[in-house]
Amino acid sequence: MSVGVAPILKMAESTAETWAHTYHSEATTMAYNILSLATNELVLDESTGEPLSFETGALAAERAKALMAANPESGKYQPRVAPSVDDEFWREREMRRFKDGTYTTPDDSLLHWCIPEHFVHVSRDKPEMLAYTENAAKGRADIQRRRRVVSYLEEFAPALTKAQREDIAAEHAAAFSVGIKFAKTPDEIEAVYTDYAREAIGVSDSCMRYRGNHWGNRPHPVRVYGNSDLQVAYLTNERGQTTHRALIWPEKKVYSRVYGDSSSFHAALKACGYQKSSGYYTSSRGAPSLRGARIRALPLDDDGDYDGRYLMPYIDEVGSVGLSSDGKWFILGEEGYDCNQTDGMTQDEDRVCCEHCGDLVDQEDTRTVYTSVRPNGYGRAAETWCECCCGQETFYCEGVNEMFSDDVDHEMADNGRTYTEAYLSRYANLCQKLGTWTFDDLAAVITDASTGNTENWCDDAVASDAFQCRVTGQLYSHSCAKEGTLTRGVMTPSGTAWRGISEGATDEDEDAATIVAA
């Protein structure tokens, strides 16, 4: 979210008045910082990361003037009296800045790893970087530190690998500094599809990702996009590998399906003036789409195997393409040839290629199978499999009513039905006693009477291995009970756990049980 200059200037003036008041009322020594009016951030010393500090206002003004001369596009810089008292409501102040648009929230892929108390936001003068509040003391002083994304993650997200940190930084840069690249020629486009980051979900498991020998003696099917109406917009990590991509029509300023699991690429494309295609993302009539765009018509060698077929990639947005009158182009959206096959060439209308075994089968003898799963349990990376492969190497997730490859982690719940582990983790409960998943509520069972430690158990586990104390009313595992006067019991910090008191026990019986156990 962007804001105009006026609100920032107003905030800067308000801050200056507050600091000036603070100085005149309580400060004993004076120090000066430099404030960027364009970002409302203090200028930092690049070597220390701390705000530049000056003993006199004249020195600060001289440096501010030099900064404006060296960076005329960055706006004005002005001296400010350094804050000398605590702002105890600094957290509320930081939250307000997100709400009023002073701060821009980073992309979710980065925000997930940020420390909440840091109030991390996009640096306004260097948007490929971030700014944050290092600690409470600097929060009270209204001092933010600017830092590279990779550097921040190295310190505060050590669980991430170097490659993961670089990918997150690339996504951040794509969203806020528009680092999109464009592939136009056949060679460039083929490289975008085949030289990808393996951890880039959506890119690394797409049906057109394969290199040369996968296509036999045929060229890579995506080469038909080269030198046509279409191009491929993409992002790379620091190793030059593709992390996001989308088919685009530059003349219409429209993009089709985005490959890459992040909203940042959408933001970057929109920053370049592109909009989502109505053919894939929306149903708005009259909105632009890829329909009508021309791609090259490349006939395959007539060696008896291809029978007049053409090179053809899987095209998400349209189901068919039509041959132009001169035979040099395919026109997206027109009738003539199917373009929803994954074997890299046009097929007979009623015959499709099984993406698992490679056999040609009738369209009616295929099923959609998902080879990976989203966090909410639904499938991603859909493939078309023949009935034979489906019968031998898939399972059906009852939670989302989708078919998955056996390679996707899955479990059977206590109701006898199979689900992906992702679905169970989100919607079911795991019994700590039996290790089984259930959609019923779990019961807290005390497993160690001396410490009060509990586990969450399903009904079957409770029925077979737990008892309810007649005195305390709590559930205990059988291991908590020991020999006692009435039947079996154990002392606990809150009373005596007895499972042997009969239904007709009197208050005197319970009192006696407590006394004897003590």
Side-chain angles (χ1 to χ4, degrees), residues 112 159 370-380 392-518:
H112 174 77
Y370 293 94
T371 57
S372 59
V373 64
R374 300 177 187 274
N376 61 5
Y378 284 86
R380 68 158 69 245
Q392 296 176 357
E393 302 180 57
T394 65
F395 69 94
Y396 189 77
C397 177
E398 298 285 350
V400 297
N401 297 319
E402 291 177 352
M403 185 170 289
F404 291 84
S405 164
D406 282 340
D407 292 335
V408 175
D409 293 334
H410 56 284
E411 293 281 350
M412 182 179 291
D414 62 353
N415 60 8
R417 298 178 178 179
T418 303
Y419 304 84
T420 64
E421 286 190 2
Y423 183 87
L424 290 171
S425 297
R426 184 162 184 171
Y427 299 107
N429 300 309
L430 181 64
C431 173
Q432 293 176 268
K433 173 66 174 177
L434 302 180
T436 57
W437 292 95
T438 179
F439 291 94
D440 296 328
D441 292 334
L442 301 178
V445 177
I446 298 174
T447 56
D448 188 334
S450 63
T451 63
N453 287 346
T454 64
E455 290 183 353
N456 294 319
W457 288 15
C458 65
D459 291 343
D460 289 344
V462 170
S464 61
D465 293 295
F467 67 92
Q468 184 175 24
C469 176
R470 291 281 297 165
V471 177
T472 67
Q474 294 175 290
L475 290 172
Y476 292 80
S477 68
H478 285 174
S479 62
C480 289
K482 64 181 181 181
E483 293 300 325
T485 303
L486 297 182
T487 305
R488 296 164 69 189
V490 64
M491 281 297 299
T492 70
S494 59
T496 305
W498 290 94
R499 67 172 177 177
I501 298 177
S502 67
E503 289 292 333
T506 65
D507 292 342
E508 289 75 12
D509 290 333
E510 295 182 358
D511 291 341
T514 305
I515 294 171
V516 171

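Note that the coordinates shown come from a computational prediction; the quantities given were computed from them, not determined experimentally.
- Of the inter-residue distances, the one linking T420 atom OG1 with R426 atom CZ reads 11.0 Å to the nearest 0.5 angstrom.
- The side-chain heavy atoms of C397 and Y370, taken from C-beta on, include no pair separated by under 4.5 Å.
- The OG1 atom of T454 sits 7.5 Å away from atom CD of Q432, with the distance rounded to the nearest 0.5 Å.
- Counting heavy atoms from C-beta on, the side chains of F395 and V408 come closer than 4.5 Å.
- Put simply, the side chain of L434 reaches to within 4.5 Å of the side chain of D460, judged on heavy atoms.
- E411 places no side-chain N or O within donor-acceptor distance of the main-chain N or O of E421, the cut-off being under 3.5 Å.
- Side-chain contact between K433 and D465 is present, with at least one heavy-atom pair separated by less than 4.5 Å.
- In this structure, the side chain of N415 does not engage the main chain of T438 through any donor-acceptor pair within 3.5 Å.
- F439 and A428 get closest at one heavy-atom pair: CE2-CB, 3.7 Å.
- Ring geometry for F467 against Y476 counts as parallel: the plane angle stays under 30°, on a 0 to 90° scale with 60° as the upper cut.
- Taking 4.5 Å as the limit, every side-chain heavy atom of Y423 sits out of range of all side-chain heavy atoms of N376.
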Could you walk me through whether D414 and T436 pass the side-chain hydrogen bond (donor to acceptor under 3.5 Å, both in side chains) check? CA-CA 6 Å; D414 62 353; T436 57; 5.6 Å; no
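- For the atom pair N429 CG and D441 CG, the distance stands at 6.5 Å (nearest 0.5 Å).
- The side-chain heavy atoms of W457 and T447, taken from C-beta on, include a pair separated by under 4.5 Å.
- In plain terms, the two heavy atoms of L475 and A443 that are nearest each other are CD1-CB, 3.8 Å.
- A side chain to side chain contact (heavy atoms under 4.5 Å, CB included) with L442 is found for exactly one of D459, N456, L430, V462, namely N456.
- A donor-acceptor contact shorter than 3.5 Å links the side chain of E402 to the backbone of G379.
- With a 4.5 Å cut-off on side-chain heavy atoms, W437 and S425 count as touching.
- Contact between C458 and C431 at its shortest, heavy atoms only, is N-SG, 3.3 Å.
- Shown here for S372 and F404, the closest heavy-atom pair between the two residues is O-CE2, 3.9 Å.
- Atom CD1 of I446 is separated from atom CD of E455 by 12.0 Å, given to the nearest 0.5 angstrom.
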